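Here the structure is a predicted model, which means the values were calculated and not measured. All values below were derived from every heavy atom in this structure, side-chain atoms included, with hydrogens, water molecules and symmetry-related copies excluded.
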Amino acid sequence: MPVIDFRPDRPTILIERVGQRDLVRSACPVALSLGLTRGMVAAHARVLVSDLDVRDADPDGDQAWLDRLALHAATHWTPTASVSGGDGLWLDLSGTTHLFGGEERFCRRLLRFLERLGFTARIAIAGTPGAAHALARYSGRNILILDAGAETAALAELPVAALRLEPAALTAAARFGLDRVADLIRLPRGPMAKRLGLAAVTRLDQAVGHIAEPITPVVPFEAPAVSLRLLEPIGTPKSITLVISDLVDDLIGLLRERGLGVRTALLVAVRVDGEAQRIVIGASRATRDARHLKRMFTLKLDRLEPGLGIEAMHLTVPYSEPLGASIAGSLITSEGAAADLAPAIDQLVGRAGEDAVFRVGPNESDVPERAIRRVGPLEEPGCWPRWKRPVRMLRRPEHLTHVVALLPDHPPRRFTWRGRPYRVIAGDGPERIHGEWWRTDTELWAVRDYFRVEVESGERFWLFRRGDGVEPETGDLSWYIHGMFG
């Protein structure tokens with residue numbers, strides 16, 4: 001049995017045969033810190049680093065892994081996934097991240113998934129594929145989520161190599177002293193095209209969003225899909241709606257034959273100039289309801305820019321789930337049957353946005369501000385504790401002034417909040433909550449004493465005092481409001 005000696009602290013490179021020379025295809029972080037770079041001659045690398053682990057690259061194996069990951073992404077995460085540059089993936093997250101709790105949570109989940117497979121990765125979310133490609137490779141951050149319209153400022157300080165320029169263009173840029181993307185942004189397009197080539201101008205415009213960059217998605221073979229090619233280009237909302245309606249009707253028949261339901265649907269509208277417009281919708285639960293699907297597409301119809309006209313439309317279901325037959329109607333109705341909230345939630349998401357619809361669930365923590373978390377709108381939140389908690393919790397506890405209270409176990413008699421004085425007529429407590437000492441040293445001895453109080457105007461508040469009134473290490477005896485009852 002062969003034994004492979006691999007040490008994480010040993011510099012390692014992968015080489016491939018190019019012509020008559022062996023070139024470095026990739027290098028580990030240790031090798032990169034020693035000055036080895038991609039494209040370097042392998043013999044030169046051996047001279048620079050004596051204790052170098054040299055192995056043959058496997059481009060076919062790498063490509064096979066990327067294809068498998070892209071296929072997995074298209075069937076589980078997003079309808080549009082593609083291999084980018086031979087060493088990464090492009091994922092179009094439009095209309096899908098709310099299914100995973102938002103963009104940041106999806107990124108963390110994706111990193112954990114790749115870690116279980118033995119891969120390390122960096123993720124960047126931006127408004128253009130070019131900006132995401134550059135920031136993922138040159139920002140130095142594992143997760144970077146860029147605000148819409150901030151691509152130009154974010155790319156300015158990156159090296160020009162981040163724009164995926166050809167070697168000849170990179171050589172010319174170095175000769176003219178163009179080191180950063182900001183240097184290219186300030187350069188007029190005419191001189192830039194003359195010095196670096198027209199392809200460099202295209203790459204820059206694609207990265208900052210001046211022109212579109214098409215992505216050819218990986219479509220699973222078994223993904224249900226229907227298409228319509230039009231005799232004449234269309235551009236009015238009414239005509240586009242009619243074509244979408246026909247596509248959905250055709251798709252429902254195909255889904256019924258396969259016993260599937262839609263979780264994510266991708267509509268691609270091809271304009272006469274060749275540019276593809278995309279609309280993505282996501283369903284909280286697998287569905288074959290044609291009216292519901294048409295309604296969700298109608299909510300996003302304003303995102304289509306028909307331009308001179310649309311000549312073809314394609315509807316694909318990259319993410320589906322098994323869905324059996326259901327009873328359409330019955331002579332006997334059940335009054336106790338629970339209403340299906342999935343259609344209403346999908347419409348709310350289409351109108352208000354992905355992050356605006358969620359459910360609050362319990363979290364395992366005694367500290368009130370950590371005891372709740374966001375969950376999916378259809379996810380069961382679990383068992384709530386029986387502790388009495390306010391209906392409305394403040395995002396952060398707010399400091400109270402002019403507090404009059406007897407120590408150590410009495411609620412306050414008077415306090416001032418947001419400039420308004422209150423007089424307490426009834427109170428209950430204290431409920432003592434200790435800090436979570438395993439998180440930070442500041443919570444090692446922290447104590448909060450919570451009180452439920454009612455003021456003269458009838459309002460009921462949830463107040464707490466920092467400290468137990470005996471040991472100074474437990475708190476400074478300051479008072480805060482944390483929530484309101486009723």
Side-chain angles (χ1 to χ4, degrees), residues 18 23 25-26 37-40 66 70 80-94 122-141 144-218 268-278 303-311:
V18 179
L23 302 181
R25 178 180 176 86
S26 59
T37 59
R38 183 174 181 176
M40 179 182 291
L66 289 172
T80 305
S82 177
V83 178
S84 66
D87 61 351
L89 297 178
W90 269 316
L91 306 180
D92 186 353
L93 301 180
S94 303
R122 289 178 177 174
I123 304 175
I125 298 180
T128 64
H133 185 282
L135 293 170
R137 287 159 175 79
Y138 292 91
S139 67
R141 297 170 57 180
L144 192 151
I145 301 177
L146 193 65
D147 295 333
E151 288 80 15
T152 302
L155 294 172
E157 296 304 318
L158 298 183
V160 294
L163 296 178
R164 296 169 292 156
L165 303 183
E166 297 294 334
L170 292 176
T171 302
R175 185 169 62 250
F176 289 109
L178 304 173
D179 299 325
R180 300 290 174 183
V181 176
D183 300 332
L184 301 185
I185 295 176
R186 291 191 293 264
L187 195 65
R189 291 298 187 266
M192 179 179 171
K194 185 176 181 181
R195 296 176 183 179
L196 307 184
L198 187 59
V201 178
T202 302
R203 287 299 192 194
L204 178 60
D205 289 340
Q206 288 174 342
V208 299
H210 292 166
I211 60 175
E213 180 176 0
I215 296 177
T216 303
V218 175
V268 180
V270 182
R271 303 193 315 196
V272 294
D273 58 359
E275 183 175 346
Q277 301 283 314
R278 291 176 171 83
R303 302 185 183 183
L304 281 182
E305 298 179 2
L308 298 178
I310 297 174
E311 62 181 2

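- Between A70 and A81 the shortest heavy-atom distance is O-CB, 3.6 Å.
- Applying the side-chain contact (heavy atoms from CB on, under 4.5 Å) test to A276 and every residue at least two apart in sequence or in another chain returns V268, R278.
- The only member of L93, L91, L146 that meets side-chain contact (heavy atoms from CB on, under 4.5 Å) when paired with I125 is L93.
- Atom CG of residue L196 and atom CZ of residue R175 lie 9.0 Å apart, to the nearest 0.5 angstrom.
- By the salt bridge (charged side-chain N to carboxylate O under 4.0 Å, His left out) test, R186 is found to be paired with D183, residues two or more places apart in sequence or in another chain being considered.
- Formation of a donor-acceptor pair under 3.5 Å by the W90 side chain with backbone atoms of P129 is found in this model.
- Under the side-chain hydrogen bond (donor to acceptor under 3.5 Å, both in side chains) criterion, R189 pairs with D205, not counting sequence neighbours.
- With sequence neighbours left out, Q206 forms a side-chain hydrogen bond (donor to acceptor under 3.5 Å, both in side chains) with R203.
- Residue pairs meeting the salt bridge (Lys or Arg N to Asp or Glu O under 4.0 Å) criterion with at least one partner in residues 125-140, sequence neighbours excluded, are D87-R137.
- Listed here is the closest heavy atom pair of A124 and A136: CB-N, 3.5 Å.
- Under the side-chain hydrogen bond (donor to acceptor under 3.5 Å, both in side chains) criterion, R122 pairs with no residue at all, not counting sequence neighbours.
- In terms of the side-chain hydrogen bond (donor to acceptor under 3.5 Å, both in side chains) criterion, E151 has no residue partners (sequence neighbours excluded).
- Every pair tested for salt bridge (Lys or Arg N to Asp or Glu O under 4.0 Å) that includes a residue from residues 190-202 fails, sequence neighbours excluded, so the list is empty.
- Formation of a donor-acceptor pair under 3.5 Å by the T128 side chain with backbone atoms of V208 is not found in this model.
- Here the closest non-hydrogen pair linking A131 and A126 is CB-CB, 3.9 Å.
- The distance from the OG atom of S139 to the CG atom of L144 is 5.0 Å, given to the nearest 0.5 Å.
- With rounding to the nearest 0.5 angstrom, the CG atom of L178 is 5.5 Å from the CG atom of L184.
- Counting heavy atoms of neighbouring residues, nucleotides and ligands inside a 6.0 Å radius, atom CD of E305 does not exceed 12 of them.
- In this structure, CG in L89 is found 8.0 Å from OG in S82, a value given to the nearest 0.5 Å.
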Check residues 156-173 and write down every donor-acceptor pair under 3.5 Å in which the side-chain atom is one partner and the other belongs to a residue at least two apart or another chain.
unit_1: R164; atom_1: NH1; unit_2: E213; atom_2: OE2; d: 3.0
unit_1: R164; atom_1: NH2; unit_2: E213; atom_2: OE1; d: 3.2
unit_1: R164; atom_1: NH2; unit_2: E213; atom_2: OE2; d: 3.1
unit_1: T171; atom_1: OG1; unit_2: P167; atom_2: O; d: 2.9

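- Under the side-chain contact (heavy atoms from CB on, under 4.5 Å) criterion, I185 pairs with T152, V181, L204, not counting sequence neighbours.
- Summarising the geometry, atom CG belonging to L155 is positioned 12.5 Å from atom CZ belonging to R180; distances are rounded to the nearest 0.5 Å.
- Annotation for L23 and G39: closest pair CD2-O, 3.8 Å, computed over non-hydrogen atoms.
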